[in-house]
A.B. asks: 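Please see the structure below; I have some questions.
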Amino acid sequence: HEDLRSSMFPDLVGMHYSWWGGVQMGPPDPILGVTEAFKRDTNPKKMNLGVGAYRDDQGKPFVLSCVRKAEALIAAKQLDKEYLPIGGLGEFTKACAQLALGADNEVLKSGRSITVQTISGTGSLRIGANFLSRFHGGPRDVYLPKPSWGNHTPIFRDAGMQLKAYRYYDPSTCGFDFKGALDDISKIPEQSVILLHACAHNPTGVDPKPEQWKEIADLVKKRNLLVFFDMAYQGFASGDIDRDAWSVRYFIEQGHNIVLSQSFAKNMGLYGERVGGFTVVCNDADEAKRVESQLKILIRPIYSNPPMNGARIATTILNTPDLRSLWLEEVHGMANRIIKMREQLVAGLKKEGSTHNWQHVIDQIGMFCFTGLKPEQVERLTKEFSVYMTKDGRISMAGVSSGNVGYLAHGIHAVTK
Amino acid sequence: MSIFSDVPQAPPVAVFKLTADFREDSHPQKVNLGVGAYRTDDSQPWVLPVVKKVERLIVEDDSLNHEYLPILGLPEFRSASSKVALGDDSPAIKENRVGGVQALGGTGALRIGAEFLRRWYNGTNNTATPVYVSAPTWENHNAVFADAGFKDIRPYHYWDAAKRGLDLAGLLDDLEKAPEHSIFVLHACAHNPTGTDPTQEEWKKIAEIMKRRKLFVFFDSAYQGFASGSLEKDAWAIRFFVSEGFELFVAQSFSKNFGLYNERVGNLTVVAQDNENLTRILSQMEKIVRTTWSNPPSQGARIVSKTLNCPELFAEWYVPNGHMPLTSADIIAECLTDYFHFHMNVQNSVFGEKYCSCCRIYLSFISLSPPLCRKGNVKTMADRVLLMRDQLKSKLQALGTPGTWDHITQQIGMFSFTGLNPKQVEYMIKEKHVYLMASGRINMCGLTTKNIDYVAQSIHEAVTKVQ
């Protein structure tokens, strides 16, 4: 690197050259790029379907009433701002684990799990990845579904793990490639890590059915794989928190000691407050204590301890009965609006005269929909109709409203007929 | 057989264990001089009045939502934070070569900076670059750089236990001997744990060697304003290095000077040679942030940003030159209202009430609670610490406690390295129920007018009874 520096700055003396001449320009974030382009577009009918955040039927960000009420309650308490413990707010981690596993779960009763508060889903995945990197004695490989959330790969990579994939999405059906998944999973070397999306798979919206989950759980057990669940949409997918957590609870029931990432960004609309949890299910309470101590050792040199505000809000909602009921209603409402938009989009396409099979739009679940559109069609949709989405054909249903679903149907039909 | 059956129990973080032990202690006179957080004279945590006010504004503002911040954080926060560190009239800022990365506290800023340096400094992915931290230093520095991937973390001479002051000769020698391009973590002010800072002349010597030997400057600034009561004074070293042309990082924390400990508010200020370099650096910072926490928490940044960017709120947080002189008109106005005198953007609302469109609050004519102090919330904290230092020294001198105690008032900031040895510390904890770190570090904020006599007496006993 000495040669590189002197060849780049041959005439410079002392402090007149920069340390950073060799720093490359980072590639623009693909999703951010979509939003940037959307902002520049002057077409009044433009639609931003890249956004991974819920919007109401007027296309506006939605602050849940239960959140506003919780904030008022918290403000009245005049709490101090003292540091949280490294593992986060105790009441939060308890409520977080109960939400995922069910309050009467044997795991919680026996104390054989540990949950730490994390910086939303990303922070949780990163802590998990770091923990595995440091303590997992098995292969360094983490198997992701193909495709998976774009950020999974760099998170695990930066933590020192390696990435592999198992078949998941079937482009020919716009559905689940169950046979392909089982086939690939059966070949994964023992003790490898397999990442599963608990519900509302991102980016495809394609989830296994319960019977399929059962076979996957069985096979994963046979292969002795370490299961890493990513649950970012509990409640948001079907509208029912227990239904959306079913896969996680089933695996635990079947004896898998899973690790689990949870996010409250979507289901409580707490995006910018960064609320999440990371859970490790262990053999016994002693092991859980040891794991907890090591998680703290990992967390401390990243950010010392987590932020209070969002965790307080989430805890207040989960632990105050009428706020909790209100939350369940509102989360149900968000999920329902999404489901309705799916139905309206398909109805709209039929009305436009499309002869394609759009059933997958209704079968898929959660915020995202893998339309099946090809890159050229996506490009046309953007250029001719100002509909912005990612090149893989993924749209965020949250960006669809009763006011623009007709226009969207029209555009999609135009580029696919 | 569990995958995790071989995971060993990790030792607890010492400073938190101390507080845990303190909590369990039932002794009526127990004192906690451990954890570094501000306490009032009633030993209570203190939420700054300006913070309370701004939080209320935020809760009442229906136009605010909880959407994601950009990856690098709230733009108004980042720019205001860097301005606090470098000064309003900073040439580097005017030259558009200063950027900020909002981070989770000072720790987060250090970690993002460390991750960046490991990837892009002194070559690419050069984990062998030596990182120097002071001996002693904040106990987390080591782990931050180690976990970021650096393999060679070394101490540089700093604390001279014999003379209870800065080991300047040792420090300068380490600078001369360090391999070129080594990274040095410097405490901008109020060194943790010793409370001992270089003088301006000493900083100049340090800078000269660092420039000549091409050493990288990474400032840790966790106490700006909190140390001396003056933002400018506490940032002198940073601003001096910038004026000397260094490209450097500053990890800023707003935990102490805003009392926002648990909202995790920090900023990594990047000073680059020019805007083009800065742009590339920030693009890579984004990638690092994205795999660490995606985007930072909004609450704390909003509070700090609103305060720094609104002149009236800023003046409640901080008044330059210590104290705002009160004219008789001020005093009358003060009696009538909280802030009538201050607000510059006052208009008449539709209801005929005075309304500040900047702070978005209505100004009532009769104030029920007079302002806490015209000297700004930051100085309130700094002054109490200075008072405790003064009183502790006086009391130890009055008791005739062996040794010199000048270092207590010479040191600055939250912490003081008392010079007590581990045995004496053990005595303090076990016999006197006064909790402090094994290093002899005390948190001045744990002292109050109510417990200072007991603490002074305890120190006296420890020094005279235990060798």
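Note that the structure is predicted; figures quoted are calculated from it, not measured. Throughout, protein chains are lettered first and strands after them, A, B, ... in sequence-line order, and every chain is numbered starting at 1.
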A.B. asks: At a heavy-atom distance under 4.5 Å, which candidate from A:I119, A:I302, A:I297 has the highest pair count against chain B?
C.D. replies: A:I302
A.B. asks: If I measure from the heavy atoms of chain B, does A:R312 come under 4.5 Å with its side chain, its backbone, both, or neither?
C.D. replies: neither
A.B. asks: Search all heavy atoms of A:S293 against all heavy atoms of B:Q9 and return the closest pair with its distance.
C.D. replies: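 So the minimum-distance heavy-atom pair works out to CB-NE2, 3.5 Å.
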A.B. asks: Taking all heavy atoms of A:A265 and all of B:Y68, pick out the closest pair and write down the distance.
C.D. replies: CB-OH, 3.7 Å
A.B. asks: Looking at A:K60, A:R55, A:E292, which one has more heavy-atom pairs under 4.5 Å with chain B than the rest?
C.D. replies: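 Result: the option with the highest number of such pairs is A:R55.
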A.B. asks: Chain A heavy atoms under 4.5 Å from B:F145: which part of the residue, side chain, backbone, both or neither?
C.D. replies: neither
A.B. asks: Indicate the atoms forming the closest heavy-atom contact of B:S298 with A:E273, along with that distance.
C.D. replies: OG-OE2, 3.3 Å
A.B. asks: Calculate, to the nearest 0.5 Å, the distance between atoms CD and NZ belonging to A:Q78 and B:K52 respectively.
C.D. replies: 5.0 Å
A.B. asks: Under 4.5 Å, heavy atom to heavy atom: which of residues 63-70 of chain A reach chain B? Give them by number, or say none.
C.D. replies: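 The list, in residue order, reads A:V63, A:V67, A:R68.
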A.B. asks: Output the distance between atom OH (A:Y271) and atom CG (B:N65), rounded to the nearest 0.5 Å.
C.D. replies: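 Atom-to-atom, A:Y271:OH and B:N65:CG are 10.0 Å apart.
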A.B. asks: Under a 4.5 Å heavy-atom cutoff, which of B:L69, B:L278, B:N142, B:V47 has the most pairs with chain A?
C.D. replies: B:V47
A.B. asks: Name the one of A:R134, A:R300, A:R126 that satisfies salt bridge (Lys or Arg N to Asp or Glu O under 4.0 Å) with B:D147?
C.D. replies: A:R134
A.B. asks: Mind checking whether B:H66 and A:M268 have side chains closer than 4.5 Å, heavy atoms only?
C.D. replies: no
A.B. asks: Please answer whether the main-chain N or O of B:V7 pairs with a side-chain N or O of A:R290 as donor and acceptor at a distance below 3.5 Å.
C.D. replies: yes
A.B. asks: Does any backbone or side-chain atom of A:P306 lie under 4.5 Å from a heavy atom of chain B? Answer side chain, backbone, both or neither.
C.D. replies: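 Just its backbone gets close to chain B.
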A.B. asks: Considering only heavy atoms, which portion of A:S120 lies under 4.5 Å from any heavy atom of chain B: side chain, backbone, both, or neither?
C.D. replies: neither
A.B. asks: With a 4.5 Å cut-off on side-chain heavy atoms, are A:N309 and B:E263 touching?
C.D. replies: yes
A.B. asks: Contact part of B:D62 toward chain A, heavy-atom cut-off under 4.5 Å: side chain, backbone, both or neither?
C.D. replies: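 Contact with chain A: backbone and side chain both.
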A.B. asks: With side-chain hydrogen bond (donor to acceptor under 3.5 Å, both in side chains) as the test, pick out the partner of A:D158 among B:R290, B:K287, B:R119.
C.D. replies: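 Running side-chain hydrogen bond (donor to acceptor under 3.5 Å, both in side chains) over B:R290, B:K287, B:R119 with A:D158 returns exactly one hit, B:R119.
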A.B. asks: Please look at A:V280 and chain B and tell me whether the side chain, the backbone, both or neither of the residue comes under 4.5 angstrom of a heavy atom of that chain.
C.D. replies: side chain
A.B. asks: Going by residue number, which parts of residues 105-114 of chain B are within reach of chain A, meaning a heavy-atom gap below 4.5 Å?
C.D. replies: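 Those residues of residues 105-114 of chain B which have a heavy atom under 4.5 Å from chain A are B:T107, B:G108, B:R111.
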A.B. asks: Examine whether an atom of B:E67 lies under 4.5 Å from a heavy atom of chain A, and if so say whether it belongs to the side chain, the backbone or both; otherwise answer neither.
C.D. replies: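 Both backbone and side chain.
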A.B. asks: Examine whether an atom of B:T279 lies under 4.5 Å from a heavy atom of chain A, and if so say whether it belongs to the side chain, the backbone or both; otherwise answer neither.
C.D. replies: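 Both backbone and side chain.
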A.B. asks: Using a 4.5 Å cut-off on heavy atoms from C-beta on, say whether the side chain of B:R264 contacts that of A:S304.
C.D. replies: yes
A.B. asks: For B:L74, is it the side chain, the backbone, both, or neither that has a heavy atom closer than 4.5 Å to a heavy atom of chain A?
C.D. replies: neither
A.B. asks: Select one option (side chain, backbone, both, neither) describing which atoms of A:L79 are under 4.5 Å from chain B's heavy atoms.
C.D. replies: backbone
A.B. asks: Select one option (side chain, backbone, both, neither) describing which atoms of B:P70 are under 4.5 Å from chain A's heavy atoms.
C.D. replies: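 Contact with chain A: none, neither part.
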A.B. asks: Which atom names give the shortest non-hydrogen contact between B:T291 and A:T122, and what distance separates them?
C.D. replies: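 Nearest pair, atom of B:T291 first, then A:T122: C-CG2, 4.3 Å.
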A.B. asks: Using 0.5 Å steps for rounding, measure from the OG1 atom of B:T292 to the CD1 atom of A:I127.
C.D. replies: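 One finds 9.5 Å between OG1 of B:T292 and CD1 of A:I127.
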A.B. asks: Only pairs of heavy atoms separated by less than 4.5 Å count here; which of A:S124, A:A311, A:P301, A:P307 has the most with chain B?
C.D. replies: A:P301
A.B. asks: Considering all heavy atoms of both residues, which atom of B:P8 and which atom of A:F135 are nearest to each other, and what is their separation?
C.D. replies: CD-CE2, 3.9 Å
A.B. asks: How close do A:K81 and B:G259 get, counting heavy atoms only, and between which atoms?
C.D. replies: CB-O, 3.2 Å
A.B. asks: Only pairs of heavy atoms separated by less than 4.5 Å count here; which of B:Y261, B:W293, B:F116 has the most with chain A?
C.D. replies: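 Most pairs with chain A among the choices: B:Y261.
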A.B. asks: Give, as side chain, backbone, both or neither, the part of B:V51 having an atom under 4.5 angstrom from any heavy atom of chain A.
C.D. replies: side chain
